[in-house]
Every structure is written in structure tokens, then in C-alpha cells.
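Below is one structure, written out as C-alpha cells; the observations come after it.
We name chains A, B, ... by the order of the sequence lines, and we start the count at 1 in each one.
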Amino acid sequence: MELLTPDFGLIFWTTLTFLILVVLLRALAWKPILKAVNDREDSINEALQTAEKARAEIANLKNENEEIMRQARAERDEILKEAREIKDSIVSQAKQAATNESAAMIENARKLIENERMAAVTELKNSIGELAIDIAEKILKKELDNQDSQKALVADLVKDIKLN
Amino acid sequence: MRSALISGLFTAVVTLFFAVSATAVTPDQQQHVDGHHDHEHTEASEGFDITGVIMHHIQDEHGWHLFDWGGHPVSLSLPVILFTESGLTTFMSSEFHHDVDGKVVVEKNGERFTYYHGHIYYANAEANDHGAFITYTEDHKVANAKPLDFSITKNVASLFVTVFLMLLVFLPVAKFYKKNPGKAPKGLAGIFEPLILFVRDDVALPNIGEKHYKRFTPYLLTLFFFIWFANMLGLVPFAPGGANLSGNIAFTMVLAAMTLLLVNLNGNKDYWMHMIWMPGVPWPIRLLLAPIELVGILTKPFALMIRLFANMTAGHIVILSLISLTFVFESFAVAPASMALTLFIYVIKLLVAFLQAYIFALLTALFVGQAVAEHDHH
């Protein structure tokens, strides 16, 4: 049972060496290593969280943008609608005005024509009157010589006059 | 984990069988003790002494035998440190001139020492009939007194090499993290970070719990890598490897004792309460449980000690036995089979080296976890 009998010397050296090793490695290796690994894990977690936050923010921004776009589109539609209405009303007003003016102008023209016609008729009447007087004068001059011929002439003249 | 435990137990049983059978064959060695034959003569007449060779390889020695050259052993001389009746005595192991049979006497400060199969004794004044300065008891044990031996033996030297290797590995790893904060690990750090995280996240954290695990992680890391490095170094077939350090009962005993201390010094009120007066069971059962629990304080680390010792020693014995097949059959034809089997066991041993370090650290973490756990049911 030689194998199962521990040697005092080896026990002593193992204890001493192992304790020194534990102290040495704890101070010089494990503490800095575990700290570095922990720090790195923390920073990775933090980075992941930041990325997540950024993603959420971007999604937010996108939503906001969409909202703004939607509003802009609605506003544009509104403006367009108004513009169309304004245009329509302007056009219809213009049409109305033109119609009115042309009606007035036509009215004026008609009045003018009427006036002109009346003037012409009056002048014609005057001319006819003068003509009749002239004729009557000439007839009178001629008939004064001869009674019969006067009568014949008057009859003839009267026959000739055609009052249109 | 359960299967690992079972395989560990299995190996332990196998080892004990080997160890017992090895000692049972020892009369072969005892013949040297009795001095009927001298060493060379025995080998010549009885063939290759496998048990002797294997036992020599798995045991500690003063000086580090490297190889034989032209029939002569070549060893690394190591310091012998003795506390004798008259104080401290030191000399180099080479002064024994490779003798293991107590035939060479080293005289220092008026005291005489001789080396007999791994141990240093006070030498007799006169050599016995066979040239050894040793007397025997009736059951063939050495009767001579032993000085207190603090020598740097092969295993102690191997221990220092292990520690040196660990510092060589982990100090640069730590330096990398100091130099490159927040960077991904590269090189050595890249190799060892997964293992460090493995110990932290799969050994310490789940067994000890969120609240306390940070306190014990450095110790568990040291323990795990210490055992693993020692195991791996023991698998290297030549110096500075090849010593059976982690298969030495003294080594495993110290680590188990550390676990015992760590667990019981950190045991909280609940731990001791559960030990002495188990809550939630009738009082006769409590009376029964208390001694069982108290014995458990010792049996848990004891199992740790035996498990590591048995696994590593068994592995060494199996590998050496398989290599020895060629010499047993005295035929080169056996060599390929012997090599194939050895290679197979070697690969398994690589796994076992890791597994045993893992189990030792895991069970230590588990026991510590039980000691610091806070129960909320009372």
C-alpha cells in the first residue's frame, strides 16, 4: 500500500505551492481577466441596447415622416381643390361678365340700329315730303296753264306715286 | 455528470485492483530485500520485471530518471532537504549514485543516510550480508528511522514545472486583456478564454449561485487549471513531464483538504443547521441524519481525493502495462497491437485529464454552493 501512503514532503510542497499559486493567479491573472471579460460583456450588452434604441428611434422617425408626408399630401390636395374652385369661379365670373357685356353691346347695337333706322325713316319721310312738295310745285306750275292738263297731270302723278 | 461519476468509480475500482495485484506480486521485489539475488541477476533469470518498472514510474523518486544510456541510468539530480535530529541537511540526490537498494551511504554533518526504494533512511553503521545499510522487520519492511524529508523530489519538481507553465500561460493572457481592453481575444487569450468562461459560467455560476459565485471563481479557476495542467504534464512521456503528480495521493489529498476547508469555513448558519438538526423531518430522523451528515463532511473530500488519484494512477498503469506487452511476449510482432492500444488509451487519457479537472472543480463548486446556499423555508 505504498501508493496510498502520502509523503509528508509532497504534502508540504503541494500545500505551499498551491496556496501561493492561488494568491498569485487571483491577483495577477483571474482578477484582470474576469474584469476585462465582464467589462467587455457589459459594453457588448450596452451596444446592443443602444442599437435597439436607435432602431426604435429610426422607426419612430419613419412614422413621423410618414405622418408629415400624409399631412403634406392632404394639404396639397386641399390647396389644389381650393385652386380649382377659385379657377372655376373666376372662369364662371368671367363668362358671366362676358355674357353680360355682349348682351349690353348687342342691346346698344340694336338701339343704335333702331335709332339709325328711325333717323333714316324720318329723313326719307322728309325727302318724300320735299319731293312731294317739289312735284306738287312742278305740277302746280304746269297745271296752271291748262285746267284739263292740270287735272290729267295730277291724276297721272297720283297714279305714279307708289308709297312703298 | 452522472456517467462521469460512474466511469470515475469504475476506474477507481480497476485501479485498486491493479494496485492490490501490484503489491501482491511484490515478493519479486522482496527478493532483493532478502538479498537472494542482486538486481541484474533477477532480471536475467526471471525476465522483465513489469511490476517493478510500473511501480517505479508511478511513484515518486529523489532525482529524475531521464533514460538509460549504455546500461547506465541518466538522471537529473535534485536537491535533498532533510530535517534531521541535528537540524537542516541538504545535498544533491546524485550523491546516492542511482542506488535504490540502500547500498550507498551519504554522510553529512556526522549523520549517515541511505536511499532505499523512494525513501531516505538513517543508514546502519555496518552493511548487512547483501551490502545494504538497512535492517528489516519480520514482514520485510525497513526498520530504520527516517528523517523528515522535504526534498525536491520528482513530483515536487513536476509541481514546480506545472506552476511555472501556468504562470507562463496565464500572465501573458492577463497582460493581453490589460493591453487590449474591450477587444476580442487573440492567441493564448483566445485559446483560454472559452475555458475560463466555461469554469465561470458552467462550473461556478450554476452551482454556487448568482450571489456568491464571483467570490469563488478565482479559486475554482486555479484549481481546475492546476489539476488539468498537472494531468496533462503527467501524460507527456519524457522530462519535464511524465511524473505521476496528479496521481499521487499526497497531491490529491492536499487539494481535497483545501476543498474541505473552503466548504466548511464558508458554511453559513443554514449549512450547519442542516448538518446537525435537519429541519422539516421528525426528530428521530434528525438524530439519525446528524452523524451521517457529519461523516459526509469528510467523505465528500475523501471521494475527491480517491477519484483523482485512482483515475490518474490507473491511466498511467494501463498505459505502461500496454507498452510493456512487447516486453512480456518478448516479440516485436506484438508491438503494433501494443502501440495501437496505447494510443487508444492515450486519447482517452487526454479526455480523462480534462474530465477529472472538471469534476474536481465542479464538485468543489457544488459543495461550496451547498455551504453558502440560503434556504427560505423557515
Check each atom of [X] against the heavy atoms of chain A and say whether the ones under 4.5 Å are side chain, backbone, both or neither.
| X | answer |
| --- | --- |
| Asn155(B) | both |
| Phe225(B) | side chain |
| Ile196(B) | side chain |
| Pro172(B) | neither |
| Asn248(B) | side chain |
| Phe192(B) | neither |

Trp13(A) (side chain) donor-acceptor with Ile152(B) (main chain) under 3.5 angstrom
no

Using modelled atom types and a 3.5 Å cut-off, is there a donor and acceptor pairing between side-chain atoms of Arg40(A) and backbone atoms of Lys183(B)?
yes

Out of curiosity, [X] [atom1] to [Y] [atom2], how far, rounded to the nearest 0.5 Å?
| X | Y | atom1 | atom2 | answer |
| --- | --- | --- | --- | --- |
| Thr217(B) | Arg26(A) | OG1 | CZ | 9.5 Å |
| Leu159(B) | Phe18(A) | CG | CZ | 10.5 Å |
| Leu25(A) | Leu223(B) | CG | CG | 12.0 Å |
| Leu167(B) | Leu24(A) | CG | CG | 6.0 Å |
| Thr17(A) | Phe164(B) | OG1 | CZ | 14.5 Å |
| Ile317(B) | Leu3(A) | CD1 | CG | 6.5 Å |

Should we say atom [atom1] of [X] is surrounded by more than 12 heavy atoms from elsewhere, each under 6.0 Å from it?
| X | atom1 | answer |
| --- | --- | --- |
| Glu123(A) | CD | no |
| Glu101(A) | CD | no |
| Phe12(A) | CZ | yes |
| Glu85(A) | CD | yes |

Where is the tightest heavy-atom contact between [X] and [Y], given as atom of each residue plus distance?
| X | Y | answer |
| --- | --- | --- |
| Phe251(B) | Leu10(A) | N-CD2, 4.4 Å |
| Ile249(B) | Thr5(A) | CG2-C, 3.8 Å |
| Pro32(A) | Ala174(B) | CG-CB, 4.1 Å |
| Leu28(A) | Lys178(B) | O-NZ, 4.4 Å |

List the steps, then state whether side chain to side chain contact (heavy atoms under 4.5 Å, CB included) holds for Val22(A) with Phe226(B).
CA-CA 9 Å; Val22(A) 168; Phe226(B) 187 51; over 6 Å; no

Sort [X] into side chain, backbone, both or neither according to what part of it lies under 4.5 angstrom from a heavy atom of chain B.
| X | answer |
| --- | --- |
| Thr15(A) | both |
| Ile44(A) | neither |
| Asp7(A) | both |

Does the side chain of Ile33(A) come within less than 4.5 Å of Glu193(B)'s, by heavy atoms?
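No; the side chains remain at least 4.5 Å from each other.
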
Within-4.5 Å side-chain heavy-atom neighbours: Val37(A) and Tyr177(B)
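Yes, at least one pair of side-chain atoms sits under 4.5 Å.
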
Between Phe170(B) and Trp30(A) (judged by ring centroids, cut-off 6.0 Å), do the two rings come close enough to count as a pair?
yes

